[in-house]
Amino acid sequence: MVKIRSLSKLTGCEIYAKLELSNPGGSAKDRTALAIIRKFEKEGKLVPGRGDVVFEGTSGSTGISFAMLCNALGYTAHICVQSDTSAEKIALLESYGADVEKVKPASIVDPEQYVNAARAGAEQLASDKTTEANGVFADQFENDVNWRIHYETTGPEIWEQMNHDLDYFISGSGTGGTIAGIARYLKDQDPNVTIVLADPQGSGMFNRVKHGVMYDSVEKEGTRRRHQVDTIVEGIGLNRVTHNFLEGEECIDDSERVTDEQAIKMARFLSSNEGLFVGASSSINAVAATRTALKAKKGSKIVIIGCDSGARHLSKFWKEAVKVDRRVTLEEVLGTSVLQRKPVN
């Protein structure tokens, strides 16, 4: 847990980052991946050295966590990714020994969508009678293990590291497991902790939280750059509701939508002012935290998730962020002429 001193000073609140990017696999997904593997082992579906394969469909970070852990624990990771996933993520997956299958970007209803492709691969290996090797589908979006491991580990760590004193917790939602597990734990400790969902442009989650409707204007046919979410950001933002998100939805109090431009500028701001080289998801969380701080009571304590490093986003997100003037101001990040506190009634 580190204090983001520049944002804290400029907003009048204490803003902290839980640096999940410091985990061995470089993200919060290490927790989920290990918990899923251990459950499969307990059920006898994974046995080290038997040739078993863990299949998963992912935009990157979860696949990297599975690749790292499978490589260490005696399994193979078969990772299905969208063909437009950043080159450095694919290179890292392959470096960890994963089998990488690239599929076209597609809606979840398409049988060739990356999650569905992973499910099909696991089912095919599991039904193959010519080998002892088994295939399992990690199913991070719907697997109940996901939110529970964050309830059991990440949430308690944040609570203890903040000395049982925080006012806001902010995170994006990809699978929904991180925000659901942490939110449920924090609300159990103190119902007054406000949970804020940080959401990229093109995602329907913002409208889901704010208005109860899963819709975004960019979903209009013919206006989308990508099938799932119209943003440069990888890892968070959806236009469907997952089991893991539903497990924590009632704990989410508010949402902040962040544009690609704001996220890109914030990444540069944090690099220049804090020496924090963060990826897109972390940057979106930081923008949401800044907005929240400017509305919150002065001195409020805010915690965000530092999801992953900018090193995983060099060819896409940071290709744009590096173009931003390193002297970029917080006003320029937010797109305002002056930082003005607007307390919520």
Backbone N/O of [Y] and side chain of [X]: donor-acceptor pair under 3.5 Å:
X      : Y      : answer
Asp52  : Asn134 : yes
Glu56  : Ala138 : no
Ser65  : Asp30  : yes
Gln113 : Val115 : yes

Heavy-atom closest contact ([X] atom, [Y] atom, distance):
X      : Y      : result
Asn285 : Ile170 : O-CG2, 3.9 Å
Thr178 : Asn146 : N-OD1, 4.3 Å
Ala263 : Ile284 : CB-CG1, 3.7 Å
Gly51  : Ala133 : O-CB, 3.2 Å

Step through the shown structure and confirm whether more than 12 heavy atoms of other residues, nucleotides or ligands are within 6.0 Å of [atom1] on [X].
X      : atom1 : answer
Gln124 : CD    : no
Glu249 : CD    : yes
Glu331 : CD    : yes
Lys3   : NZ    : yes
Arg5   : CZ    : no

Inset, instruction - Could you check Asp167, Asp165, Asn163 and say which one makes a side chain to side chain donor-acceptor pair (under 3.5 Å) with Lys301? - result: Asp165
Using a strict 4.0 Å threshold on nitrogen-to-oxygen distance, state whether [X] and [Y] make a salt bridge.
X      : Y      : value
Arg240 : Glu142 : yes
Glu20  : Arg31  : yes
Asp253 : Lys187 : yes
Asp254 : Lys210 : yes

To the nearest 0.5 Å, what is the distance between [atom1] ([X]) and [atom2] ([Y])?
X      : Y      : atom1 : atom2 : result
Ile305 : Thr154 : CD1   : OG1   : 6.5 Å
Glu132 : Lys129 : CD    : NZ    : 12.5 Å
Leu73  : Leu34  : CG    : CG    : 7.0 Å
Leu330 : Leu294 : CG    : CG    : 7.0 Å
Leu7   : Tyr16  : CG    : OH    : 13.0 Å

Donor on one side chain, acceptor on other, [X] and [Y], under 3.5 Å:
X      : Y      : value
Gln140 : Thr62  : yes
Ser255 : Asp199 : no
Asp190 : His164 : no

Inset, instruction - State, yes or no, whether a side-chain contact exists between Arg148 and Val145 at a heavy-atom distance under 4.5 Å. - result: no
Inset, instruction - Taking the side chain as every heavy atom from C-beta outward, state whether Ile64 and Lys29 have any atom pair closer than 4.5 Å. - result: no
Inset, instruction - Test Glu332 against Lys265 for salt bridge (Lys or Arg N to Asp or Glu O under 4.0 Å), laying out the working first. - result: CA-CA 8 Å; Glu332 290 170 329; Lys265 289 180 177 178; over 6 Å; no
Legend entry - Cluster link Leu125 to Val100, ILVMFWY, side chain under 4.5 Å: no
Inset, instruction - Determine whether Ile236 and Val287 fall in the same hydrophobic cluster, where Ile, Leu, Val, Met, Phe, Trp and Tyr are linked whenever their side-chain heavy atoms lie under 4.5 Å apart. - result: yes
Inset, instruction - Please say which of Ile158, Ile304, Val2 ends up in a side chain to side chain contact (heavy atoms under 4.5 Å, CB included) with Lys18. - result: Ile158
Legend entry - Ring centre gap for Tyr151 and Tyr185 strictly below 6.0 Å: yes
